[in-house]
2 protein chains.
Amino acid sequence: MSAKIKIKDIAEKTGLSTTTVSRVLTGKAKQYRIGKKSQKIIQEVAKELNYIPNHFAANLRSGKSNTISLIVPSLGNPFFANIASLLNREVRKLGYTLIISDTNEDTKAEMLEIQQLISRNVEGFIIIPCGENFEHIEKLYSQGLPLILLDRYFENSNLPFVSTDNYYGAITATKYLIEHGHTSIACIQGVKSSTPNKMRIKGFKQAMQEVGNTNIHVIGDDFSVQNGYQETKLLLRWKERPTAIFALSNTITMGCLKALKEENIKVPDDISVITFDDHPYLDFLETPITSIAQPVEHVCKIGLKYLLSKLNNELELITDHVTLRPDLKIRNSVKKI
Amino acid sequence: MSAKIKIKDIAEKTGLSTTTVSRVLTGKAKQYRIGKKSQKIIQEVAKELNYIPNHFAANLRSGKSNTISLIVPSLGNPFFANIASLLNREVRKLGYTLIISDTNEDTKAEMLEIQQLISRNVEGFIIIPCGENFEHIEKLYSQGLPLILLDRYFENSNLPFVSTDNYYGAITATKYLIEHGHTSIACIQGVKSSTPNKMRIKGFKQAMQEVGNTNIHVIGDDFSVQNGYQETKLLLRWKERPTAIFALSNTITMGCLKALKEENIKVPDDISVITFDDHPYLDFLETPITSIAQPVEHVCKIGLKYLLSKLNNELELITDHVTLRPDLKIRNSVKKI
DNA sequence: ATATCTTGAATTAACGTTTGTACAAATTTA
DNA sequence: TAAATTTGTACAAACGTTAATTCAAGATAT
């Protein structure tokens, strides 16, 4: 491995100083009135020697890391993987590097991750938090680090977020079921303490109450395939079987469908299903599942925009709590009864 | 934002030198015979002041970044997202940080990414390459940087890789179709130049030849949903419609199923389908699709193990070309005729 | 011809950490 | 008791870059 080329090498070869080389290479030539000829020769020699800047040295000196962090609960979940992919594309466009961290839905890991990232001088944090603890995030925020929560957020915290209007989404889904004649609906929820879950439950109950339906069943406690599976298995054994299931995430739905399949219950003939989160594969399922499609792309882009304006001190917002309305994507999993 | 705590602050507070503090904090206390008392007080003060090491300074001095890079073609593809999630978990366990990059199947982006990562002093590269060019990767390798290709690799290159035995997988799939009486099989391929694709095609042809079937149809040219969709739309209009489709990736299958649905062709009654790549949702499709399940987890773990042994100069292998056999996961998409 | 301004660049000192080396003090050995 | 060894720690330099400051030479104005 040949020794790495540094700015000094270029300086020596061109007969110019390291300062001049640095300024040209970081695009500050005009600002510091470097001559055209010097600029050209520096660029040429840099290319010729295949110069690659040492990020660490540059950052140490300048304090700028040009790095934004994305922390997600699980890349294995297509919903988050999609967000990661999207954000990565956008962030690169802006000349930043995105460091993606996967916490595996573990708050401990999230905290460690954040430490790691601070020591990497990350300039901004995009966080999809896991769990219910947010002290460590608030601490981060209070230290003045630009930060935005996506998708998940905390009600009793002032941390800025961009998220789906989960309340509206749940009302929409529930009303859709009600309009189709369903009165006995089982709602399989995710993590009880998470705000999106709470808002969804709130919307579900609100919609039920509006029509005077007090037959409210909220079950489950995790945004996982297993939870969806287990709860579905159980609810099929209720004395009075619900006519519809409202699953609060794509993962829950997957477990739910697995259970229904095992029990040979047909959707929508034997039971209707509606779900939060959209995904292309929902179109190709045995029965395509009607869903509340979150405006993921907008959530990402708005979140990023917010973060960048904070980064550049550009923006003073009245509020930094943004919710976007999801769409009802009608497929074929709800029967009229 | 309170000023960041540095080693110097701890040194001053404890009355010890920065050297001593550094040595304790990097776990080299024994090696340099730092006294128990000093160790203890340094640890305490570090915690008290909430010291977070400056990664950039440390790396600049030591040359160690403790970072491994993963470059994937697209996190939007669940196959790769899954790999990212898996590797992330494993890498953390080993005390390294994983930087995940998404190239969007663009070689240009891949090259830029690599530059970026070099300037971040990444210690090892795990690459799932996109496209057919590999000069930039070979250059990297020849510079002595530990590197391993996963899943995709290049036949006419000596770059180390861990991948599925695609040839075997394709033979298995094809034989399975043949055993079920199929003689007219359309194989929808991905990127022609990619080695996995080539090996799969080779296996497909080999299996057909073994039974003297010369009715070989290989169509398509991309590992994309669109390609699967378009080619399926077309093949349904052939004079003599094939009785089975062998799709060479999960994305191709998704497009294929979309086309079949639109045309109201039933699987497996009207046409049989088998696919490369497994995914949980395959179980829940209208017809669960029989697949060649790649041993993704093993590929990842072996790849990582290889990389680390290279990193630590531990291992001299005779060959660094590893292929693992995939499994046939029988579901319900192939009809006996 | 002198003063003033503009242009183009170099000097020098940081950034926060790690590392090679040096060196007292305490302890053991002869 | 003097020499040798061990123990515990400090000093100073270095990593590659950038930023503040300074300065020489040429151009322009008076």
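Lettering follows sequence order; numbering is per chain, from 1.
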C:dT18 phosphate, OP1 or OP2, under 4.0 Å from B:Lys64 side-chain N/O: no

Listed once per pair and sorted, the salt bridge (Lys or Arg N to Asp or Glu O under 4.0 Å) pairs that draw on residues 42-56 of chain A, sequence neighbours left out: A:Lys13-A:Glu48, A:Lys40-A:Glu44

Interatomic spacing from OG1 in B:Thr97 to CG in B:Asn88 - rounded to 0.5 Å: 9.0 Å

With sequence neighbours excluded, residues passing ring-ring contact (aromatic ring centres under 6.0 Å, His included) with B:Phe161: B:Tyr153, B:His321

B:Phe79: ring-ring contact (aromatic ring centres under 6.0 Å, His included) partners, not counting sequence neighbours: none

Between C:dA10 (P) and A:Ile10 (CD1): distance, integer Å: 14 Å

Polar side-chain contact B:Thr19-D:dC11 base: donor and acceptor under 3.5 Å: yes

Residues which pass ring-ring contact (aromatic ring centres under 6.0 Å, His included) with B:Tyr51, listed by chain and number, not counting sequence neighbours: none

Residues that B:Ile41 engages under side chain to side chain contact (heavy atoms under 4.5 Å, CB included), provided they are two or more places apart: B:Thr14, B:Leu16, B:Val45

A:Asn54/A:Lys6 under side-chain contact (heavy atoms from CB on, under 4.5 Å): CA gap, chis, key distance, verdict: CA-CA 8 Å; A:Asn54 182 326; A:Lys6 25 188 170 170; over 6 Å; no

Gap between atoms CD and P, on A:Gln31 and C:dT7 respectively (whole Å): 15 Å

Whole-Å distance separating the NZ atom of B:Lys30 from the P atom of D:dT9: 15 Å

Residues which pass ring-ring contact (aromatic ring centres under 6.0 Å, His included) with A:Phe56, listed by chain and number, not counting sequence neighbours: B:Phe56

Under the side chain to side chain contact (heavy atoms under 4.5 Å, CB included) test, residues paired with A:Ala84 that sit two or more places apart: A:Leu70, A:Leu75, A:Ile100, B:Leu75

Atom pair distance, as rounded to whole Å: CD in A:Glu12 and C1' in C:dA10: 15 Å

Nucleotide C:dT17, atom P - distance to CG of B:Asn66 in whole Å: 16 Å

Hey, what are the protein-to-nucleotides 5-8 of chain D N/O distances that come in under 3.5 Å?
unit_1: D:dG8; atom_1: N7; unit_2: B:Arg33; atom_2: NE; d: 3.3
unit_1: D:dG8; atom_1: N7; unit_2: B:Arg33; atom_2: NH2; d: 3.0
unit_1: D:dG8; atom_1: O6; unit_2: B:Arg33; atom_2: NH2; d: 3.1

Axial bend angle, the helix from C:dA1-D:dT30 to C:dA30-D:dT1: five-pair end segments, nearest 10°: 50°

Whole-Å distance separating the CG atom of B:Asn59 from the P atom of C:dC15: 19 Å

Value in whole Å for how far the C1' atom of D:dT9 lies from CD1 of B:Ile41: 15 Å

Salt bridge (Lys or Arg N to Asp or Glu O under 4.0 Å) pairs, two or more places apart, involving residues 91-111 of chain A: A:Glu90-A:Lys93, A:Arg92-B:Glu113, A:Glu105-A:Arg152

Contacts under 3.5 angstrom, residues 127-135 of chain B side chains, donor-acceptor by atom type, not counting sequence neighbours:
unit_1: B:Glu132; atom_1: OE2; unit_2: B:Ser193; atom_2: OG; d: 3.3

Interatomic distance, A:Leu16 CG vs C:dA10 C1' [rounded to whole Å]: 10 Å

Short N/O separations, protein against nucleotides 13-17 of chain D, under 3.5 angstrom:
unit_1: D:dA14; atom_1: N3; unit_2: B:Arg61; atom_2: NH1; d: 3.1
unit_1: D:dC15; atom_1: O2; unit_2: B:Arg61; atom_2: N; d: 3.3
unit_1: D:dG16; atom_1: OP2; unit_2: A:Lys6; atom_2: NZ; d: 3.0
unit_1: D:dG16; atom_1: N2; unit_2: A:Ala57; atom_2: O; d: 3.3
unit_1: D:dT17; atom_1: OP1; unit_2: A:Tyr51; atom_2: OH; d: 2.5
unit_1: D:dT17; atom_1: OP1; unit_2: A:Asn54; atom_2: N; d: 3.4
unit_1: D:dT17; atom_1: OP2; unit_2: A:Ile7; atom_2: N; d: 2.7

